[in-house]
There are 2 protein chains.
Amino acid sequence: MSYDILKQNLKKHVDLSTADLDLICSYFKPAGLRKKEFLLTQGSICKMEGFVLDGCFRVFTFDKKGNENTLYFAAKDWWLMDIDSFMNQTPSDLNIQALEDSKVLLIDRQDKMALYESLPIVEKLFRIIFQKGLVSWQRRLVRNHSFTSKERYFHFIQTYPDISSKLMDKQIASYLGISHEFLSKIKKNIK
Amino acid sequence: MSYDILKQNLKKHVDLSTADLDLICSYFKPAGLRKKEFLLTQGSICKMEGFVLDGCFRVFTFDKKGNENTLYFAAKDWWLMDIDSFMNQTPSDLNIQALEDSKVLLIDRQDKMALYESLPIVEKLFRIIFQKGLVSWQRRLVRNHSFTSKERYFHFIQTYPDISSKLMDKQIASYLGISHEFLSKIKKNIK
DNA sequence: CAAAAAAGTTGAACAAGTTCAACTGGGGAA
DNA sequence: TTCCCCAGTTGAACTTGTTCAACTTTTTTG
């Protein structure tokens with residue numbers, strides 16, 4: 001059953017009974033997206049929070065100069081959301097696009113709120129998920145400041161081999177914060 | 001009373017009764033730090049989570065090359081912690097140092113856990129605090145990628161005028177991820 | 001399959017940022 | 001007050017990364 005991946009993910013963070021897991025899952029609806037389809041576009045309000053069952057997504061934003069800036073990629077077993085837009089129902093700064101045909105589980109804002117209300121342990125669950133997320137973002141910032149582009153590139157492909165192998169160099173470059181031409185030169189330099 | 005600042009901070013995130021606020025506060029113990037004193041040093045285990053009542057702190061790390069890298073500054077009304085080390089009781093990567101004589105409220109790990117247990121709304125409270133924190137870290141990453149150093153400098157001093165005015169340029173440079181010499185050149189260029 | 005579009009490569013000129021070293025100036029400690 | 005230390009400034013040489021444009025290769029689509 002497709003909910004198993006979600007259940008396994010949740011159990012990594014807190015200890016949940018089978019009944020709790022089933023209740024949580026009951027709020028999530030499966031959905032499919034075709035390659036290049038958007039789950040969210042910049043300027044619109046984020047209606048859904050997602051969990052990836054299969055496929056791969058890219059979360060990115062266009063800055064004032066029109067350059068794409070990739071925040072992160074989400075493959076199987078990753079969460080997918082614009083927290084800010086989802087919680088405050090404000091226009092999103094982010095685009096979320098499927099990089100290949102993908103399957104997700106989605107929960108809308110009302111159901112998420114209902115879930116928080118009906119099952120207090122869900123607050124703990126997401127407290128821990130966000131806590132871990134915050135740590136990763138802090139670490140990424142330190143890497144961005146202390147690693148060279150080359151080091152950041154290697155760190156990325158070594159840490160996420162399954163994700164990075166699916167990506168175009170252009171997308172990796174925008175995640176690393178460098179031009180795709182320069183990434184090409186980095187790769188040439190290695191050989 | 002010194003706990004008022006903490007109470008006001010907590011109420012910004014969730015609606016809390018007076019009794020709840022008092023209970024939460026009862027877990028926090030006041031402490032003072034002298035200028036240059038450390039609340040945490042890299043390699044040791046983070047025993048305390050803090051909330052700043054007065055003064056200012058710098059949270060930074062030494063990378064492999066020996067360069068200082070500032071994650072953030074915390075002045076009055078800011079939270080102060082190494083989440084990872086505090087939660088998992090693993091050696092910290094971070095240093096937390098008072099930039100001036102400061103006052104904080106501290107809670108240790110056992111009490112934090114007890115607080116989560118005894119008052120479920122605290123889970124919600126920190127779920128929201130971490131959620132907001134995560135959004136700020138995402139935004140900072142995007143700024144680091146899409147802004148020039150000059151733009152990042154202006155954004156920082158305009159967004160945090162009260163904090164940045166207390167800081168040495170060296171510290172601002174390490175927060176921005178540039179050398180202090182280059183920051184000096186940026187400032188010269190403006191005049 | 002052929003044509004078109006998009007991704008990747010390369011080079012040259014340029015801009016951004018670092019490093020090192022020398023100098024300036026102010027604040028704290030004895 | 002004097003000395004010293006440390007923050008900040010400046011210049012020169014260097015490294016890293018960008019931009020633009022031309023080209024090749026791969027992928028998509030009719």
(message) Looking only at the side chain of B:M168 (C-beta and beyond, no hydrogens), which of the listed nucleotides D:dT28, D:dG8, D:dT18 gets closest?
(response) D:dG8
(request) Please determine if A:R143 forms a cation-pi arrangement with A:F156, meaning its NZ or CZ atom is less than 6.0 Å from the six-membered ring centre and no more than 45° off the ring axis. (result) no
(request) Starting from the 5' end of DNA chain D, give me the residue, B:L167 or A:S179, whose nearest nucleotide shows up first. (result) B:L167
(request) Among the candidates C:dA12, D:dG8, D:dT10, find the nucleotide nearest to the side-chain atoms of A:K185. (result) C:dA12
(message) A cation-pi test, strictly: NZ or CZ of B:R140 under 6.0 Å from the centre of the six-membered ring of B:Y175 and no more than 45 degrees from its axis. Yes or no?
(response) yes
(request) Could you tell me the separation between the NZ atom of A:K36 and the C1' atom of D:dT28, rounded to a whole number of Å? (result) 7 Å
(request) For B:H145 and D:dG17, give me the distance from atom NE2 to atom P, rounded to whole Å. (result) 12 Å
(message) Please report the distance, rounded to the nearest Å, between CZ in B:F182 and P in D:dT16.
(response) 16 Å
(request) Starting at atom CD1 of A:I172, determine the distance to atom P of C:dA7, rounded to an integer number of angstrom. (result) 13 Å
(request) Report the distance from atom CD1 of B:I186 to atom P of C:dA15, rounded to the nearest whole Å. (result) 17 Å
(request) Consider the side chain of A:S184, meaning its heavy atoms from C-beta on, and name the nucleotide among C:dT9, C:dC20, D:dG17 that approaches it most closely. (result) C:dT9
(message) From the set D:dT19, C:dA7, C:dG17, return the single nucleotide nearest to any side-chain atom of B:S149.
(response) C:dG17
(message) If you assign each of B:I178 and A:D169 to its closest nucleotide in DNA chain C, which residue comes earlier from the 5' end?
(response) A:D169
(request) Rounded off to whole Å, could you give me the CD-to-P distance for the A:E68 and D:dT18 pair? (result) 15 Å
(request) For A:K187 and C:dT9, give me the distance from atom NZ to atom C1', rounded to whole Å. (result) 11 Å
(message) Against A:D77, only a single residue in A:D54, A:I5, A:L53 fulfils side-chain contact (heavy atoms from CB on, under 4.5 Å); can you say which?
(response) A:I5
(message) I want to check a possible cation-pi pair here: B:K76 against B:F51, using under 6.0 Å from ring centre and within 45° of the ring axis as the test.
(response) no
(message) What is the distance, to the nearest angstrom, from the NZ atom on A:K65 to the P atom on D:dT18?
(response) 12 Å
(request) For A:K35, answer base if it contacts any base atom (sugar-phosphate contacts may also be present), sugar-phosphate if it contacts only those atoms, and nothing otherwise; contact means non-hydrogen atoms under 4.0 Å. (result) sugar-phosphate
(message) If you apply the rule side chain to side chain contact (heavy atoms under 4.5 Å, CB included), what do you find for B:D111 with B:D108, and how did you get there?
(response) CA-CA 5 Å; B:D111 283 348; B:D108 69 26; 3.4 Å; yes
(request) Among the candidates D:dT10, C:dT18, D:dT18, find the nucleotide nearest to the side-chain atoms of B:K188. (result) D:dT10
(request) Tell me which nucleotide among D:dA21, C:dC20, C:dT18 gets nearest to the side chain of A:E181. (result) D:dA21
